[in-house]
Amino acid sequence: MAEYLNPTGSNMDPLTLSLNTTRPAAVRAAVKLLRAIAKRDGDEFSALRVHIFDMVSEHVEAANDQSLAVAAVIGEALGHIWDIDRAWISERSDELFAVLSAEADVRARADVIVSVALRIYRTGTAFLELMRPVILSMMSGGYAALDHTDGWRGNRPALEAAASHIVTAYVMGLIDDEDPLVIALTSPDVAPAVIGDALGTLGWSIMQARNVDTPEAVSPEVVERAQRLIDHRLAEIRAGRATASELGGFYWWVRAEVFPAAWSLPILQLAITDPDFNPKGMLGESLARAAEAEPTLTIDVFDGLIMPGDGDGWKRYDLLQHAPRILAVALTSGVPVAQAKARAILDRLGREGHMTVLADVDRLIASE
């Protein structure tokens, strides 16, 4: 996997550095002026646009300006420039998007430009047209073999940000199953962790969209395409061509509560077969609600999650908080398999000393 470098120091990335240094600030101001006059008529505005483009052009090539802070400003402006003059970007694409260059300084500048642009702009038709070639390069084995420089240090590497743009474009209906971007993302050249991060982030985004107002805030088309995306990955996992680690962030999909429990719970059950799966205390409440509709599936998932491991009892706190409701629903479900599993879990928790869970289950059943 590619290593991401920060040559500006441990406490400063190129984009942050650009905020307080003279040359990057001047380039940023020039781009703002360019945007302001982009649609203005008149010879004086035409001449000024040419002058600004000539000035920015001087800072694109590493040979002319080695500042990664300036490169970060260009990445920040990339989409705006694309809207104004696509030919200008196209003519310089070899330099702007040289993330596979064998020359470290050329690659570093391109890395900074691209990594900033990937974080600044939202997924859309114009953005995909601009970034498609470089995103395809990033999904290659050659990219993964090189060290890379991040222009805007954050929690997610640029490669994962690029993967998120692909899955977002897919659920928005901007690309389909046969699109080269989808094929590249799901190829053996891309680590399962990258796909898993993108899928987890998508689930989080859907949950956030739902929380804005109501479940209807997420369109049925998005829900359908999101399910189709996961179903494709499930087929690959079950065929042995992918691993369950791709589902490491699937707990967000369950928490979103816009997908039928009958669909999401079996997938969650597959996800927890990965030894590194960690729901991070996110599932207890959602499982308690899902139990009402799917007591058998829920108790199966709960059983897999509640199993103790060495030194990780704290990870079960959220599940234990919601265990009484999940167990009570299973015990009163009338489904023998669910009832037997719930009794076995209760027995195990009792032997572990969780006596309050047993008392709470009895109280819930008595109150119904």
Side-chain angles (χ1 to χ4, degrees), residues 13-99 101 106 108-138 151-152 158 161-162 164-166 168-170 172-176 179-181 219:
D13 57 62
L15 186 62
T16 303
L17 185 65
S18 75
L19 300 175
N20 298 305
T21 44
T22 303
R23 198 161 67 255
V27 175
R28 180 177 285 112
V31 171
K32 286 183 178 179
L33 177 58
L34 178 64
R35 293 172 60 193
I37 66 170
K39 306 298 184 183
R40 299 287 188 91
D41 295 325
D43 292 342
E44 68 276 20
F45 292 116
S46 178
L48 183 54
R49 284 193 292 271
V50 170
H51 177 71
I52 293 173
F53 271 120
D54 287 345
M55 183 273 291
V56 175
S57 297
E58 293 178 2
H59 296 281
V60 169
E61 296 185 13
N64 296 333
D65 191 336
Q66 297 184 1
S67 169
L68 295 184
V70 170
V73 175
I74 294 172
E76 182 185 60
L78 207 59
H80 300 304
I81 296 175
W82 179 252
D83 287 339
I84 296 167
D85 190 342
R86 297 188 175 193
W88 188 92
I89 297 284
S90 298
E91 290 166 5
R92 294 161 181 80
S93 60
D94 288 347
E95 188 85 19
L96 291 168
F97 301 139
V99 296
S101 176
V106 173
R109 284 181 61 79
D111 282 337
V112 169
I113 290 169
V114 170
S115 62
V116 170
L118 286 169
R119 274 70 166 263
I120 287 285
Y121 296 100
R122 293 185 178 183
T123 310
T125 303
F127 179 79
L128 284 180
E129 187 178 353
L130 166 64
M131 301 296 288
R132 175 182 286 271
V134 71
I135 291 177
L136 284 171
S137 294
M138 295 175 73
W152 190 1
S164 281
H165 280 292
I166 296 175
T168 300
Y170 183 88
M172 290 173 66
L174 302 178
I175 57 178
D176 57 24
D179 191 283
L181 288 171
S219 75

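Residues that satisfy the side-chain contact (heavy atoms from CB on, under 4.5 Å) test with Ala36, not counting sequence neighbours, are absent from this structure. Considering only residues two or more places apart in sequence or on other chains, Glu129 meets the salt bridge (charged side-chain N to carboxylate O under 4.0 Å, His left out) condition with Arg86. Considering only residues two or more places apart in sequence or on other chains, Thr123 meets the side chain to side chain donor-acceptor pair (under 3.5 Å) condition with His165. Every side-chain contact (heavy atoms from CB on, under 4.5 Å) that Ala71 has, sequence neighbours left out, goes to Arg109, Val112, Ile113. For Ala162, the side-chain contact (heavy atoms from CB on, under 4.5 Å) partners are Leu118, Ile135, Met138, Met139, not counting sequence neighbours. The salt bridge (charged side-chain N to carboxylate O under 4.0 Å, His left out) check on Arg40 picks up nothing, with sequence neighbours excluded. Thr168 is linked by a side chain to side chain donor-acceptor pair (under 3.5 Å) to nothing, counting only residues two or more places apart in sequence or in another chain. Applying the side chain to side chain donor-acceptor pair (under 3.5 Å) criterion to Asp179, with sequence neighbours excluded, gives Arg132. Asp83 meets the salt bridge (charged side-chain N to carboxylate O under 4.0 Å, His left out) test with no other residue; sequence neighbours excluded.
Side-chain contact check for Leu130 versus Phe97: some heavy-atom pair is nearer than 4.5 Å. Taking 4.5 Å as the limit, some side-chain heavy atom of Leu33 sits within range of a side-chain heavy atom of Leu48. By the 4.5 Å heavy-atom criterion applied to side chains, Ile89 and Asp85 are not counted as neighbours.
Looking only at distances, no side-chain donor or acceptor of Arg119 sits under 3.5 Å from a matching main-chain atom of Ala161. Side-chain atoms of Ser67 come within 3.5 Å of backbone atoms of Val70 as a donor-acceptor pair (strictly under, hydrogens ignored).
Sequence neighbours left out, not one pair with a member in residues 22-51 passes ring pair (Phe, Tyr, Trp, His ring centres under 6.0 Å). Among pairs with a residue in residues 67-77, those fulfilling salt bridge (Lys or Arg N to Asp or Glu O under 4.0 Å) read Arg28-Glu76, at least two apart in sequence or across chains. Residue pairs that meet the ring pair (Phe, Tyr, Trp, His ring centres under 6.0 Å) test with at least one member in residues 69-95, sequence neighbours left out, are Phe53-Trp88, His80-Tyr121.
For the residue pair Pro24 and Ala69, the shortest heavy atom distance occurs at CG-CB, 3.7 Å. Taking all atoms of both residues into account, the shortest heavy-atom contact from Ala98 to Ala110 is N-CB, 3.3 Å. For the pair Gly151 and Ser115, the tightest heavy-atom approach, listed with the atom from each and the gap, is N-OG, 2.8 Å.
Other residues, nucleotides and ligands contribute at most 12 non-hydrogen atoms within 6.0 Å of the CZ atom of Arg35. The number of heavy-atom neighbours closer than 6.0 Å to CG of Asp43, taken from other residues, nucleotides and ligands shown, is 12 or below.
Rounding to the nearest 0.5 Å gives a distance of 4.5 Å between CD1 of Ile52 and CD1 of Ile37.
Just one residue in the list Leu96, Val31, Ile81, Val116 forms a side chain to side chain contact (heavy atoms under 4.5 Å, CB included) with Ile74, and that residue is Leu96.
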